[in-house]
There are 2 protein chains.
Amino acid sequence: MARVTGDGTVGKALEVLDQVAAFGRPVRFSELLDKSPFPKPTLYRFVQTLTSQQMLSYDPERQTYAPGVRLVRLAHAAWEQSTLAPIARPHVDALSKAVGETVHLAQLDHAQVLYIDKRNAGNPVQMYSQAGKVGPAYCTGVGKVMLAFCDPKVIDSVIEQQSFHVFTPHTIATPAALRDELADIRAHGYGFDREEHEPGIICVAMPILSDTGRVLGALSVTSTTRRTNLAGLEAYVPILQETANHISQDAQNWSFPDYETPEATRI
Amino acid sequence: MARVTGDGTVGKALEVLDQVAAFGRPVRFSELLDKSPFPKPTLYRFVQTLTSQQMLSYDPERQTYAPGVRLVRLAHAAWEQSTLAPIARPHVDALSKAVGETVHLAQLDHAQVLYIDKRNAGNPVQMYSQAGKVGPAYCTGVGKVMLAFCDPKVIDSVIEQQSFHVFTPHTIATPAALRDELADIRAHGYGFDREEHEPGIICVAMPILSDTGRVLGALSVTSTTRRTNLAGLEAYVPILQETANHISQDAQNWSFPDYETPEATRI
DNA sequence: CATAATGGTTTCATTATTTGAAACTTGGTT
DNA sequence: AACCAAGTTTCAAATAATGAAACCATTATG
């Protein structure tokens with residue numbers, strides 16, 4: 001009797017929620033059933049419950065389910081309280097203004113890169129990545145620099161579980177190559193994305209480390225091969241370093257004001 | 001035996017999640033216990049489960065809980081699939097560029113205004129920074145115009161449940177005043193925020209209606225009394241109207257491509 | 001037009017999980 | 001040392017989840 005799900009009923013319901021989100025589009029009950037380990041009535045009741053709880057939304061027209069708006073509300077709270085974003089915001093603003101290129105702020109969530117903030121360059125290069133979006137760690141600048149400074153055990157387990165997918169001719173495709181790259185990043189203190197995820201897209205990334213060396217997140221400046229090159233991006237290393245330091249300091253000094261009873265907006 | 005919670009165990013767990021989010025800051029177990037209808041061990045296990053599921057994050061240092069990062073991931077999916085935001089994005093971009101003022105895109109969620117996108121006047125930040133925030137419907141431009149075009153029954157129930165809170169000298173403070181205002185909005189087709197929520201902050205708001213007259217959302221252009229006045233904002237009505245129409249059209253024509261098997265980024 | 005198939009919904013006896021009063025542990029205070 | 005508060009675990013009783021089967025409503029199919 002292998003425990004696949006864990007955490008009882010609530011865990012299972014959340015698994016269903018993840019399933020729906022993973023589809024990336026409104027999904028029918030039967031489609032969900034195909035991919036679900038649960039029997040029909042069980043899954044049915046989960047979807048009912050989640051819908052009634054606004055965690056899913058139901059389109060009666062097309063008979064489809066999608067992640068619900070309650071999540072957006074909750075996520076706002078999460079974003080403000082459990083991410084670096086609010087602390088980093090002024091620093092990211094300043095960085096963005098100084099470099100005039102797209103800037104990303106990311107954190108590591110499990111083995112994945114979670115983008116938690118972004119500033120578009122003046123002319124918006126629309127591409128993959130927005131706050132809340134996740135991506136693989138091994139082929140993004142921010143992912144690699146965060147991984148590089150993780151605990152060796154974490155690195156091992158991430159690499160072990162990672163299925164390497166080749167996005168471009170430059171994608172790092174083997175555990176060995178990734179380990180080399182990580183060593184390289186540790187040696188320099190920062191890293192690059194050399195068109196490893198999208199052709200023509202390059203970036204320079206800097207980890208945000210606590211005083212004890214723990215990885216808090218990462219920053220990156222992204223551009224295109226048409227506008228600049230790796231050497232050009234490397235010029236941003238000092239300001240990135242400085243910004244990362246500022247964020248790290250603020251993060252460690254920061255704590256929520258202990259007293260205040262906020263004027264609630266809840267009804 | 002009044003059923004307060006509904007939806008069994010999952011509903012209760014989500015109630016706890018809301019509680020944590022409502023605090024707006026990291027919260028101790030005992031604080032939560034004070035405000036919770038659940039007995040100690042029950043609440044304890046819920047918090048454990050939610051934490052293990054990454055819906056809450058736990059800070060062992062301070063012994064506090066906060067909404068977890070998994071929510072940010074899930075919310076991204078919700079934002080993309082269950083809101084107007086992705087459809088409206090290009091139109092909101094264009095509007096923002098044209099007017100050079102702060103632009104909001106909102107939807108109605110229960111009786112509350114849910115901001116789902118925003119363009120700041122100065123730097124084009126698009127994202128959760130503000131998206132996900134909720135506010136009362138009766139004293140925001142977007143809230144009023146959405147309410148105005150809702151079903152009369154909905155209006156009644158919202159007004160009935162609304163507890164009016166006076167934010168500024170201009171805040172609409174009575175059901176009667178609100179009904180007058182809504183009638184006025186229906187007559188004109190658009191509405192204003194006359195410093196009703198924050199002193200010095202004014203806006204003009206336009207509902208986004210489907211062909212059948214259903215409320216899909218609302219747009220607003222916000223400014224300050226220092227920079228302009230209501231007459232100045234009214235000049236934006238034509239472009240707001242046009243933008244709202246475009247969004248409405250796109251929303252009704254749009255449906256997810258039925259076929260495609262998206263190249264998954266999941267590990 | 002009947003019939004089958006598909007996708008969705010409900011029933012109900014069985015089973016497993018949740019529940020919470022009470023007891024216990026831990027770390028800090030007088 | 002005794003006390004206290006916050007957090008954690010126990011365990012029998014109460015409750016909710018489970019899923020095989022049956023049912024219903026549409027939409028294909030012969």
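Predicted, not measured: the structure shown is a model, and the values here were computed from it. Just so we're on the same page: letters track the sequence lines, and every chain starts at 1.
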Least distance between heavy atoms, A21(B) atom then L74(A) atom: CB-CD2, 3.7 Å

If you check every side-chain atom of S30(A), which of dT17(C), dG7(C), dT8(D) has the closest atom? dG7(C)

With a sphere of 6.0 Å drawn around CZ of R214(B), does it hold more than 12 non-hydrogen atoms of other residues, nucleotides or ligands? no

Could you state the atom-to-atom distance from CG of L50(A) to P of dA17(D) in whole Å? 12 Å

Indicate for each nucleotide in nucleotides 25-30 of chain C, in 5' to 3' sequence, whether protein heavy atoms under 4.0 Å reach the base (B), only the sugar-phosphate (S), or nothing (-). ------

Lys/Arg N to Asp/Glu carboxylate O, D156(B) vs R179(B), below 4.0 Å: yes

In whole Å, what is the span from the CG atom of L43(B) to the P atom of dG20(C)? 11 Å

How many Å lie between NZ on K12(B) and C1' on dA17(D), as a whole number? 12 Å

Heavy-atom donor-acceptor pair, K40(A) side-chain to dG19(D) base, under 3.5 Å: no

Length of the line joining Q63(B):CD and dA6(D):C1', which is rounded to integer Å: 8 Å

How do F46(B) and E31(A) order along DNA chain C: which one's closest nucleotide is nearer the 5' end? E31(A)

Between CD of Q48(A) and C1' of dT10(C) the distance, given in whole Å, is 11 Å

Report yes or no: is the cationic atom of K35(B) (NZ for Lys, CZ for Arg) under 6.0 Å from the centre of the six-membered ring of F23(B), at an angle within 45° of the ring normal? yes

Determine, for D109(B) against R73(A), whether the closest basic-nitrogen to carboxylate-oxygen distance falls under 4.0 angstrom. yes

Should Y44(A) be listed as having a side-chain N or O under 4.0 Å from OP1 or OP2 of dG8(C)? no

P39(B) vs P41(A), nearer the 5' end of DNA chain C by closest nucleotide: P41(A)

Minimum heavy-atom distance S248(A)-L209(A), with the two atoms named: OG-O, 2.6 Å

Hey, does R45(B) reach any base, or is it just sugar-phosphate, or nothing, if we go heavy atoms under 4.0 Å? base

Is the phosphate of dA17(D), meaning OP1 or OP2, less than 4.0 Å from a side-chain N or O of T9(B)? yes

d(CZ, R28(A); P, dT9(C)) in whole Å: 11 Å

Is it true that K12(A) and D7(A) have a side-chain N and a carboxylate O under 4.0 angstrom from each other? no

Nearest-angstrom distance from the residue atom CG of D34(B) to P of dG7(D): 10 Å

Salt-bridged, E80(B) to R25(A), with N to O below 4.0 Å? no

If you look at every heavy atom in L71(A) and A75(B), which pair is closest and at what distance? O-CB, 3.5 Å

Give me the stems containing DNA chain C, sorted by first residue, counting only three or more consecutive Watson-Crick or G-U pairs with both distances under 3.5 Å; say none if there aren't any. C:1-30 with D:1-30

Taking the six-membered ring where the residue is Trp, are the ring centres of F46(A) and F38(A) under 6.0 Å apart? yes

Rounded to the nearest Å, what distance is computed from the CZ atom of residue F29(A) to the P atom of nucleotide dT10(C)? 11 Å

